Asks: 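Submitted below is the structure of interest, expressed as structure tokens.
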Amino acid sequence: MLLNKKNIEFCHSNRIGKDNKGQVTKMRIDKLSLVSNFENLQDEDLIYKKLDIMDKQKSKRYRVQIIRGIFGKPYIKAIVIKYIAKKSPVLLRIDYKPINLKTGSIRFDFNPQHMPPNKMNKLLHWLDKCFSEKLYALLTTSWITRIDVAYDIYGDKLNNYLWGLVRAEKSKYYDKPNGLPGLLIGSTRSALHFLCYEKVDVYGNDRVNTLKKKRLMNIDLNECKQFLRIEARIKPKKSLSKTKTNCFLVNILNIDNPFDRLQIYSSRLKRIIKKTGKNDSYSEILSIVDLKKYILQKNKASRLTRKDVDLIRQHQVALLNKAEIWDHWPKCVKRLGVLAQI
């Protein structure tokens, strides 16, 4: 079948065990965004000038592209760094020269899934040389503005459950042509939201990996493992307090377990409630937020009855061992190489 490459997994993830149903699980960091300020104006001027000519840097391993025409963004300029290979993914994006004085001087957007620890170290070593050995000083004082944690369950499906997030009031279902179903839970503007969606794993599949990576790829699902990704997208707030520093890179291991707020319910709940009403878009209800809206609309009410609340609570399931998942967080951080040692 023709499948959007966004639903195809080409990269390695750490196997961490099994969920409470005995299904194989994996986890990794998918994105890490860091922001930092320079110690002085001299360093700022030096690094900005270095970045302006980074595309002229000669390297046997990397190539640099200048991003032009940035409008409405926090920064005026940006570059992306890729492997020298033509179809390389973006390894790192660097934005600099902020528009607002309250914005950090420079931002690093890492894509760690494309780099094992040794290659991450080589990239940072090369970049440090380009920065006149001032990179690590920037990283040491940097704070995390976004980190994506991908947790994968092999053999499971999105519609096997209903999904919720404590204190979240938004959700959005999507099932695009040539894609696999997915669900956004929570607001993208909040400190935490989740994306749950299905993918196929072609990592180590020689036949698929020889194909040209196009937007749509012809994939035989029978030769690929399918899995459900539960992706926590965390956006810590920078605290001005000297006692609250868990958003800084040096405190990355202290990030709170995002899965504690995730709520999972049996899909049987939807079938029970469906018996008493009809809705054309009912098949698209995969979140507790939308299910509650459906119940209110069906009952023509402004709030749920105690009976409805109890029914929902009774169908919550313990698919994930949340504490055990987060016990593996240090292993994920370790794959950041020297970034984990800052």
Side-chain angles (χ1 to χ4, degrees), residues 9-16 26-39 43 46-48 50-51 53-67 78-96 104-150 203-204 209 234 236 245-255 328-342:
E9 182 56 72
F10 298 95
C11 301
H12 169 80
S13 290
N14 297 325
R15 178 168 174 165
I16 64 170
K26 298 183 179 183
M27 189 166 78
R28 73 176 187 218
I29 296 173
D30 246 16
K31 185 182 182 69
L32 177 63
S33 298
L34 306 172
V35 174
S36 189
N37 287 319
F38 295 98
E39 290 185 359
D43 284 354
L46 171 68
I47 301 303
Y48 283 173
K50 295 279 187 181
L51 286 164
I53 58 171
M54 278 285 287
D55 60 329
K56 306 295 192 300
Q57 285 282 346
K58 292 183 179 180
S59 171
K60 294 181 180 180
R61 186 173 285 118
Y62 310 108
R63 57 189 169 94
V64 179
Q65 292 177 299
I66 303 292
I67 303 298
I79 65 165
V80 294
I81 301 173
K82 304 179 179 181
Y83 289 125
I84 202 74
K86 187 177 180 181
K87 292 295 181 179
S88 166
V90 174
L91 306 176
L92 171 64
R93 172 173 171 146
I94 303 175
D95 289 77
Y96 60 105
S105 303
I106 187 168
R107 184 177 71 199
F108 302 88
D109 289 324
F110 290 93
N111 293 313
Q113 69 271 32
H114 300 303
M115 296 175 281
N118 63 320
K119 292 188 176 181
M120 174 70 85
N121 293 347
K122 287 178 180 178
L123 172 63
L124 293 173
H125 180 69
W126 174 76
L127 195 59
D128 189 43
K129 282 188 174 181
C130 295
F131 280 16
S132 300
E133 300 183 345
K134 295 184 180 295
L135 174 66
Y136 293 108
L138 278 172
L139 295 176
T140 300
T141 58
S142 67
W143 61 94
I144 300 168
T145 58
R146 175 173 163 181
I147 185 165
D148 295 354
V149 184
Y203 177 75
N209 282 292
I234 309 165
T245 57
N246 64 346
C247 63
F248 287 86
L249 177 60
V250 294
N251 297 96
I252 189 171
L253 288 172
N254 297 332
I255 288 178
H328 294 278
W329 177 235
K331 295 179 184 177
C332 294
V333 173
K334 189 176 181 180
R335 287 192 61 83
L336 295 175
V338 294
L339 269 183
Q341 303 164 19
I342 295 295

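Keep in mind that this is a model prediction, so the values were computed, not measured.
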Asks: Can you find a heavy atom in the side chain of Met120 that is under 4.5 Å from one in the side chain of Pro112?
Replies: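 Of all side-chain heavy-atom pairs linking Pro112 with Met120, at least one is under 4.5 Å.
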Asks: Do the side chain of Arg63 and the main chain of Tyr83 share a donor and acceptor less than 3.5 angstrom apart?
Replies: yes
Asks: How about Gln341: does its CD atom have over 12 heavy atoms from other parts shown lying under 6.0 Å from it?
Replies: yes
Asks: Atom CD1 in Ile342, atom CG in Leu138: separation rounded to 0.5 Å?
Replies: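 So the CD1 of Ile342 and the CG of Leu138 are separated by 10.5 Å.
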Asks: Please tell me if the side chains of Met115 and Leu123 come closer than 4.5 Å, counting only heavy atoms from C-beta onward.
Replies: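 Contact flag for Met115/Leu123 side chains = yes.
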Asks: For Lys119, does the NZ atom sit with more than 12 other heavy atoms under 6.0 Å from it, leaving out its own atoms?
Replies: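 It does not: Lys119 NZ has 12 such atoms or fewer within range.
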Asks: Is the side chain of His114 donor-acceptor paired with the backbone N or O of Pro89 at a distance under 3.5 Å, no angle test?
Replies: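 Answer holds: no.
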Asks: I'd like to check Ile81 versus Trp126 (side-chain heavy atoms, cut-off strictly below 4.5 Å). Are they in contact?
Replies: yes
Asks: Do Lys122 and Arg61 pass the side-chain contact (heavy atoms from CB on, under 4.5 Å) test, and can you show the C-alpha distance, the side-chain angles, and the key distance before you say yes or no?
Replies: CA-CA 9 Å; Lys122 287 178 180 178; Arg61 186 173 285 118; 3.9 Å; yes
Asks: Take Leu34 and Ile144, measure what side-chain contact (heavy atoms from CB on, under 4.5 Å) needs, and give me the verdict at the end.
Replies: CA-CA 5 Å; Leu34 306 172; Ile144 300 168; 3.7 Å; yes
Asks: Does atom NZ of Lys31 have more than 12 heavy-atom neighbours, drawn from other residues, nucleotides or ligands, at distances under 6.0 Å?
Replies: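 Yes - once you tally the heavy atoms of other residues, nucleotides and ligands closer than 6.0 Å, there are more than 12.
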Asks: How many angstroms lie between SG in Cys130 and CD1 in Ile53, if you round to the nearest 0.5 Å?
Replies: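 Nearest 0.5 Å value for the SG-CD1 distance: 9.5 Å.
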Asks: Please report the closest heavy-atom contact between Ile84 and Tyr62, naming both atoms and the distance.
Replies: CD1-O, 3.5 Å
Asks: Between Asp55 (side chain) and Gln65 (backbone), is there a donor-acceptor pair under 3.5 Å?
Replies: no
Asks: Which is it for Trp143 and Asn37 under the side-chain contact (heavy atoms from CB on, under 4.5 Å) test, yes or no, and what are the steps along the way?
Replies: CA-CA 10 Å; Trp143 61 94; Asn37 287 319; 3.6 Å; yes
Asks: Using side-chain heavy atoms (C-beta onward) and a distance below 4.5 Å, is Phe108 in contact with Leu135?
Replies: yes
Asks: Within a reach of under 6.0 Å around NE2 of His125, are more than 12 heavy atoms found that belong to other residues, nucleotides or ligands?
Replies: no
Asks: What heavy-atom pair brings Ile29 and Cys332 nearest, and what distance separates the two atoms?
Replies: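 Smallest heavy-atom distance, with atoms named: CD1-O, 3.9 Å.
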Asks: Within this structure, what is the CZ-CG distance for the pair Phe110 and Leu339, rounded to the nearest 0.5 Å?
Replies: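 Result: 4.5 Å between the selected atoms.
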Asks: Under the criterion side-chain contact (heavy atoms from CB on, under 4.5 Å), I'd like the reasoning laid out for Ser105 against Tyr48: C-alpha separation, chi angles, the key distance, then a yes or no.
Replies: CA-CA 10 Å; Ser105 303; Tyr48 283 173; 3.7 Å; yes
Asks: Is Glu9 paired with Lys26 through a side-chain N to carboxylate O contact shorter than 4.0 Å?
Replies: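 No salt bridge links Lys26 with Glu9.
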Asks: Looking at CD1 of Ile252 and OG of Ser142, how far apart are the two atoms once the value is rounded to the nearest 0.5 Å?
Replies: 9.0 Å
Asks: Do Leu127 and Met54 come close enough that some side-chain heavy atom pair is under 4.5 Å?
Replies: yes
Asks: Kindly compute the distance separating CG (Asn14) from CE (Met27), expressed to the nearest 0.5 Å.
Replies: 8.0 Å
Asks: Does any part of the side chain of Leu253, heavy atoms only, come nearer than 4.5 Å to the side chain of Pro330, both counted from C-beta?
Replies: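 With C-beta onward as the side chain, the pair touches.
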Asks: Between the side chain of Asn111 and the main-chain N/O of Val90, is any donor-acceptor distance below 3.5 Å?
Replies: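 Checking the backbone N and O of Val90 against the side chain of Asn111, a donor-acceptor pair under 3.5 Å is found.
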Asks: Leu51 and side chain to side chain contact (heavy atoms under 4.5 Å, CB included): which single residue from Leu46, Ile94, Asp95 fits?
Replies: Ile94
Asks: Return the CD1 to NZ distance between Ile47 and Lys134, rounded to the nearest 0.5 Å.
Replies: 7.0 Å
